[in-house]
Amino acid sequence: MSETVAVGPMDESATRTPKDRARLRKGIGRRRQRIVLGLTGVVGLLIIWEATARWGFVDARYLPPPTVVAGELVHQFASASFWTALGLTMRTWIIGLAIVTVAGVVLGFVIGLSPFLRRYTTSTIEFLRPIPSVALIPLAVLVFGVRVESALLLIVYACFWQMLIQMLYGVSDVDPVAVDTARTFGLGWFARIRYVVWPSTLPYLMTGLRLSATIALVLAITAELVIGVPGLGTAITLAQNGARVTTVYALTVATGVLGLVINLLMRAAETRILAWHSSVRGEAIV
């Protein structure tokens, strides 16, 4: 009577070669080193800031110590108005980033896959891309007023070119031999896009998305500061008008922390999604 042996899923670590394990350890070591160096820089900056304010190099009324700012930040965290402003800023950021992603991916594929469109849109793209989005603030206020649409106009205009250019680079980087091979094996147009073009453009898409996420947050805060669109930027302006200097610093630090969190999340997502790609394989999150 033969025995049946149940075989469970193979442990991923058992399939790694010594070279893979060494590369993984090296990637983890580099990541830890970056974290330590980053924390050291932040702590050093806080120490210099505290000493500058405490020792009177700058009037504490205009540069409160970070310990005082931290206390005000904790107070803001306990305030419902802070979370309302944060939610409005994040709403603007998410909507703008979603519009940019859809428009950039669709037009990137359409233009990139057509030599005719690629040739006849290059000059137009290169003309419009360098125009700073802040130059559109008067137009945004004139058309939309003090509404979220004004911020979305700035975000979409600035981030769209980042996404579109990355997608065009990604489509042009597709190996023509792979496309011809797929066509030889009878893959249709949609199948070639899915199995050949899309994997090649995905690293460029993630890069454009990561860059656009940071730029979108900057422009959302800028629209709130300059135009008056509701959000964290408006809260900073109100604190400035009320001469609440410590609150201004606390809210500014909050926006910086928000930008850091967004950047870390986007990098983590990029590493997870592109764990198969050679550019990030050695630094895959485990």
Side-chain angles (χ1 to χ4, degrees), residues 38-39 42-43 45-47 49-50 53-54 58-102 133-134 136-137 140-141 143-159 209-269:
L39 292 177
V42 171
V43 172
L45 176 62
L46 292 176
I47 292 174
W49 181 4
E50 183 78 22
R54 293 291 182 183
V58 179
D59 194 333
R61 293 177 299 176
Y62 308 113
L63 184 66
T67 50
V68 177
V69 174
E72 176 62 24
L73 188 58
V74 172
H75 174 72
Q76 290 294 322
F77 286 162
S79 172
S81 60
F82 170 81
W83 296 106
T84 300
L86 176 62
L88 293 173
T89 299
M90 293 306 297
R91 182 194 65 176
T92 304
W93 176 78
I94 291 174
I95 294 175
L97 194 61
I99 295 173
V100 165
T101 302
V102 173
S133 60
V134 291
L136 301 178
I137 289 179
V141 175
V143 176
F144 299 111
V146 186
R147 293 189 298 174
V148 67
E149 288 83 354
S150 297
L152 291 177
L153 175 62
L154 304 183
I155 292 172
V156 171
Y157 187 85
C159 299
L209 189 60
R210 176 167 51 83
L211 296 175
S212 298
T214 304
I215 297 174
L217 179 63
V218 171
L219 289 171
I221 300 296
T222 300
E224 294 164 359
L225 283 169
V226 179
I227 301 176
V229 177
L232 282 176
T234 303
I236 294 174
T237 302
L238 293 175
Q240 178 188 9
N241 294 337
R244 292 178 288 144
V245 178
T246 305
T247 304
V248 172
Y249 278 93
L251 293 175
T252 302
V253 170
T255 59
V257 173
L258 178 60
L260 176 63
V261 170
I262 288 176
N263 187 57
L264 291 177
L265 290 177
M266 296 303 299
R267 285 186 176 277

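Because only heavy atoms are used, hydrogens play no part in the values below, and waters and symmetry mates are left out as well, while side chains stay in. Model, not experiment: these values are computed from the prediction.
Among residue pairs with one or both ends in residues 148-159, those qualifying as salt bridge (Lys or Arg N to Asp or Glu O under 4.0 Å) are Arg147-Glu149; sequence neighbours excluded. Applying the side-chain hydrogen bond (donor to acceptor under 3.5 Å, both in side chains) test to residues at least two apart or on different chains, the pairs with a partner in residues 67-78 are Glu50-Thr67, Arg54-Thr67, Glu72-Gln76, Glu72-Thr247.
One distance of note links CD1 of Ile236 with CG of Asn241; it measures 12.0 Å at 0.5 Å rounding. Here Leu211 contributes atom CG and Met266 contributes atom CE; the two are 9.5 Å apart, rounded to the nearest 0.5 Å. How far CG of Leu209 is from OG1 of Thr101: 4.5 Å, rounded to the nearest 0.5 Å.
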Distance-only donor-acceptor pairs under 3.5 Å for side chains of residues 248-261, two or more places apart:
| from | atom 1 | to | atom 2 | distance (Å) |
| --- | --- | --- | --- | --- |
| Tyr249 | OH | Tyr62 | O | 2.6 |
| Thr252 | OG1 | Val248 | O | 2.7 |
| Thr255 | OG1 | Thr252 | O | 2.5 |

Ignoring hydrogens and angles, write down the donor-acceptor pairs under 3.5 Å from the side chains of residues 80-95, residues two or more places apart or on other chains.
| from | atom 1 | to | atom 2 | distance (Å) |
| --- | --- | --- | --- | --- |
| Ser81 | OG | Ser79 | OG | 2.7 |
| Trp83 | NE1 | Phe77 | O | 2.5 |
| Thr84 | OG1 | Ala80 | O | 3.0 |
| Thr89 | OG1 | Ala85 | O | 3.2 |
| Thr89 | OG1 | Glu224 | OE1 | 3.2 |
| Thr89 | OG1 | Glu224 | OE2 | 2.9 |
| Thr89 | OG1 | Leu232 | N | 2.9 |
| Thr92 | OG1 | Leu88 | O | 3.1 |
| Trp93 | NE1 | Ala213 | O | 2.8 |

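Counting all heavy atoms, side chain and backbone alike, Val156 lies closest to Gly96 at CG2-O, 4.3 Å. Here the shortest heavy-atom pairing between Ala158 and Ile215 reads CB-CG2, 4.2 Å. Shortest non-hydrogen contact noted between Ala220 and Ile155 is CB-CD1, 3.9 Å. Minimum heavy-atom separation, Leu154 to Ile227: CD1-CD1, 4.2 Å.
Residues passing the side chain to side chain contact (heavy atoms under 4.5 Å, CB included) test with Leu153, sequence neighbours excluded: Ala140, Phe144. Every residue two or more places apart in sequence or in another chain that forms a side chain to side chain contact (heavy atoms under 4.5 Å, CB included) with Leu46 is listed here: Val42, Trp49, Pro66.
A heavy-atom distance below 4.5 Å is not found between the side chains of Cys159 and Leu97.
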